[in-house]
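Basis for what follows: all heavy atoms, side chains included, without hydrogens, waters or symmetry-related copies. Just so you know, residue 1 is the first one in the sequence shown, and it goes up from there.
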Amino acid sequence: MADAPLPVKRMTFGEAGVAAALAILAVAALIITGRSTDAGYTFHAFLFTIASALAVLLIVNRYMSRPAELPPREIDGRPNYNMGPVKFATIASLFWGVAGFLVGLVIALQLAFPVLNFDLPWFSFGRMRPLHTSAVIFAFGGNALLATSLYVVQRTSRARLVGDLAPWFVVLGYNFFIVIAGTGYLLGITQSKEYAEPEWYADLWLTVVWVVYFLVFLGTIMKRREPHIYVANWFFIAFILTVAVLHLGNGAAVPVSIFSPKSYIIWAGVQDAMIQWWYGHNAVGFFLTAGFLGIMYYFIPKRAERPVYSYRLSVVHFWALIFLYIWAGPHHLHYTALPDWAQTLGMTFSVMLWMPSWGGMINGLMTLSGAWDKLRTDPVLRMMVVSVAFYGMSTFEGPLMSVKVVNSLSHYTDWTIGHVHSGALGWVGYISFGAIYCLVPWLWNKKGLYSLKLVNWHFWLSSLGIVLYISSMWVAGILQGLMWRAYTSLGFLEFSFVETVEAMNPFYLIRALGGLLFIAGVALMVINIWLTITTDRYEELPEARPAAAPAG
């Protein structure tokens with residue numbers, strides 16, 4: 001009997017197509033490098049040239065060294081999961097998190113000690129602040145969402161990620177966008193739009209990456225072997241799809257030239273402001289809320305070894321949240337040129353958001369029914385449960401601050417900074433840390449984390465840091481608001497603006513101390529994760545004490 005012919009090795013459509021597209025991009029970027037007169041844009045074009053050429057070489061080298069057949073989707077009837085991109089995004093999240101938190105500490109110190117700006121344009125608060133916000137939201141948070149969503153969709157669908165190169169293109173392309181955006185801020189390349197600072201060429205690149213991300217995620221769900229789409233995946237789909245729509249609407253701009261980084265937004269005046277805060281508030285609503293609720297609905301039940309408290313409530317939570325959140329943006333524009341009806345509409349929908357938000361919080365907390373004793377012994381679960389508590393607190397405070405009479409005191413003050421960071425550090429940070437603590441042993445086939453004691457120290461240090469941070473900003477913000485609207489008996493302002501700035505200094509010092517404690521906790525996490533990956537030592541969870549038997 002003749003042997004079966006060996007399969008012929010051919011480049012896949014994805015390999016050939018991506019390599020060709022990147023080769024064209026490399027040539028175009030090289031031409032721009034030679035013709036651009038803007039130093040920052042020239043640097044970015046050079047980065048595109050190098051990165052595209054290197055990617056083509058990697059694709060060709062991978063093709064030459066791989067077997068004729070691509071990795072199978074199943075092995076012996078079991079899914080052959082693709083966890084390489086998940087591992088990369090997990091480590092990238094930690095890396096960017098440390099970088100973003102450190103920049104946040106620097107700018108907090110700059111507000112307390114302005115001399116730390118050093119009179120250097122690329123080190124000034126005006127450029128470092130957007131670097132911080134983008135690093136912690138899109139670099140740290142974005143990579144955490146990539147890692148968790150690509151992991152969860154595979155496990156809950158019992159299917160390998162669709163595409164061969166596509167998942168790698170998503171995680172590598174997204175992190176290249178982070179590099180372009182971050183270096184652009186330091187070089188002064190910005191659209192000056194909150195949470196949407198990158199210029200047109202970075203936005204275009206992100207659009208391509210995001211479309212591929214959506215296709216990979218949706219394609220994996222379509223290939224699923226489970227009849228049911230788990231609720232976490234619904235939240236991830238809403239996050240991916242809505243962020244795409246927001247990005248396209250808010251980023252619509254006309255470049256001056258292909259050889260210039262400058263562009264002009266197609267919206268103008270109050271319409272531009274409305275589009276910006278439709279984007280800005282829903283970047284919070286769908287990037288920092290819906291996406292991380294997807295993490296909550298998978299990792300808390302998994303860690304607690306309990307089913308979701310109410311699956312029906314999770315479905316109601318999902319549909320109510322996405323239908324209400326999209327209308328809440330105008331509350332950022334109270335007492336502006338925006339029509340009063342639009343301001344009231346934003347306030348009304350913000351207040352209505354209390355119900356679905358707290359429904360989700362209750363669902364997350366009640367998932368621990370019968371497992372509350374685990375909080376004594378499992379610091380990872382404790383961190384994730386506290387994150388849900390911060391989610392509830394932030395989603396109570398946000399609607400409260402949208403009410404016009406409260407907003408008249410809180411707007412433009414540091415109260416808003418405290419509110420944002422209670423959500424960012426407490427909710428987004430803690431649920432991300434908890435997910436990474438869960439993911440690393442699973443991805444690297446370890447029996448557990450290197451040290452639960454380090455997790456415990458991380459939790460208490462960072463918790464103390466968060467409390468110092470948000471409480472100082474709450475007090476500072478309310479003090480600011482009251483000083484700004486204080487009048488003398490003659491009707492003149494009682495305090496000059498400089499006096500209000502001077503009064504903030506002690507609170508800025510407390511905030512910096514809180515940030516330092518938070519970063520100290522993250523440093524312990526990095527050490528713990530590194531030792532978990534590189535050693536075989538692990539610490540088992542102690543047995544939880546059984547509940548006391550009723551007397552009788």
Side-chain angles (χ1 to χ4, degrees), residues 144 148-149 152 155-156 228-239 285-286 288-325 351-400 422-423 425-439 455-456 459 463 466 541-550:
T148 53
S149 64
V152 170
R155 300 292 298 192
T156 57
H228 185 74
I229 300 176
Y230 184 60
V231 67
N233 292 322
W234 284 106
F235 279 95
F236 285 131
I237 290 171
F239 140 67
F286 287 86
L288 296 177
T289 301
F292 290 92
L293 284 170
I295 298 176
M296 181 195 82
Y297 273 117
Y298 181 85
F299 285 89
I300 287 184
K302 188 78 174 174
R303 188 75 181 187
E305 298 178 318
R306 292 291 188 277
V308 173
Y309 172 70
S310 170
Y311 204 81
R312 181 175 298 175
L313 178 57
S314 69
V315 174
V316 173
H317 173 211
F318 171 78
W319 288 110
L321 192 81
I322 64 168
F323 275 117
L324 293 178
Y325 230 124
V351 173
M352 291 167 65
L353 271 170
W354 261 327
M355 294 177 287
S357 298
W358 274 45
M361 176 195 68
I362 292 167
N363 213 7
L365 292 177
M366 292 302 292
T367 296
L368 269 77
S369 295
W372 288 103
D373 54 292
K374 291 177 181 285
L375 296 183
R376 291 197 299 261
T377 57
D378 188 353
V380 175
L381 183 60
R382 187 190 310 140
M383 184 171 278
M384 290 195 285
V385 169
V386 170
S387 79
V388 178
F390 270 108
Y391 170 65
M393 182 179 72
S394 298
T395 53
F396 174 84
E397 187 183 23
L400 175 69
S422 70
L425 301 179
W427 160 237
V428 172
Y430 270 11
I431 198 70
S432 300
F433 295 152
I436 291 171
Y437 277 130
C438 291
L439 274 176
V455 180
N456 218 23
F459 173 79
S463 293
I466 293 172
L541 284 170
E543 288 292 327
R545 286 177 291 177

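Counting heavy atoms from C-beta outward, Lys302 and Cys438 have side chains that stay 4.5 Å or more apart. Side chains of Ile322 and Trp319 form a contact here, defined as non-hydrogen atoms less than 4.5 Å apart. Counting only heavy atoms from C-beta outward, the side chains of Lys374 and Leu368 never approach each other to under 4.5 Å. A heavy-atom distance below 4.5 Å is not found between the side chains of Phe239 and Leu293. Between Thr148 and Leu439, the closest side-chain pair of non-hydrogen atoms falls below 4.5 Å. Side-chain contact between Arg382 and Asn456 is present, with heavy atoms from C-beta onward closer than 4.5 Å. Here the side chains of Phe390 and Ile431 are not in contact, with every heavy-atom distance at 4.5 Å or above.
In this structure, Thr289 contributes its side chain and Phe286 its backbone to no donor-acceptor pair below 3.5 Å. The backbone N or O of Val380 lies less than 3.5 Å from no partner atom in the side chain of Arg303, so there is not a single donor-acceptor pair. Between the side chain of Thr367 and the main chain of Val308, no donor-acceptor pair closer than 3.5 Å is present.
Distance check: Trp372 CH2 to Leu381 CG gives 9.0 Å after rounding to the nearest 0.5 Å. Rounded to the nearest 0.5 angstrom, Met355 CE and His317 NE2 are separated by 12.5 Å. Between the OG atom in Ser422 and the CZ atom in Phe396 there is a gap of 12.5 Å [rounded to 0.5 Å]. In this structure, the separation between OH on Tyr297 and OG1 on Thr156 is 15.0 Å, given to the nearest 0.5 Å. Put simply, CE on Met361 and CE on Met296 are 10.0 Å apart, with the number rounded to the nearest 0.5 Å.
Summarising the geometry of Ala304 relative to Ala371, their closest heavy-atom pair is O-CB, 4.1 Å, with the distance given to 0.1 Å. For the residue pair Ile295 and Ala435, the shortest heavy atom distance occurs at CG2-CB, 3.8 Å. Nearest heavy-atom pair, Met383 versus Tyr437, reported as atom, atom and distance to 0.1 Å: SD-CE1, 4.2 Å. The two residues Ser432 and Phe292 come nearest to each other via the heavy atoms OG-CE2, 3.1 Å. Between Gly370 and Asp373, the shortest heavy-atom contact is O-OD1, 3.9 Å. Smallest separation of non-hydrogen atoms from Phe236 and Gly291: CE2-O, 3.3 Å.
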For this session: Mind running side-chain contact (heavy atoms from CB on, under 4.5 Å) on Val152 and Phe299 for me, showing each step along the way?
Result: CA-CA 9 Å; Val152 170; Phe299 285 89; 3.9 Å; yes
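Ring-plane geometry between Phe433 and Tyr430 is classed as tilted, the angle between the planes lying from 30 to 60 degrees on a 0 to 90 degree scale.
Taking the six-membered ring for Trp and the full ring otherwise, Tyr391 and Trp427 have centroids separated by under 6.0 Å.
Scored by the side-chain contact (heavy atoms from CB on, under 4.5 Å) test, Ala389 finds no partners at all (sequence neighbours excluded). When the side-chain contact (heavy atoms from CB on, under 4.5 Å) test is applied to Tyr311, the partners found at least two apart in sequence or on another chain are His228, Tyr230, Val231, Ser314, Val315.
Sorted by first then second residue, the side-chain hydrogen bond (donor to acceptor under 3.5 Å, both in side chains) pairs that include residues 351-360, not counting sequence neighbours, number zero.
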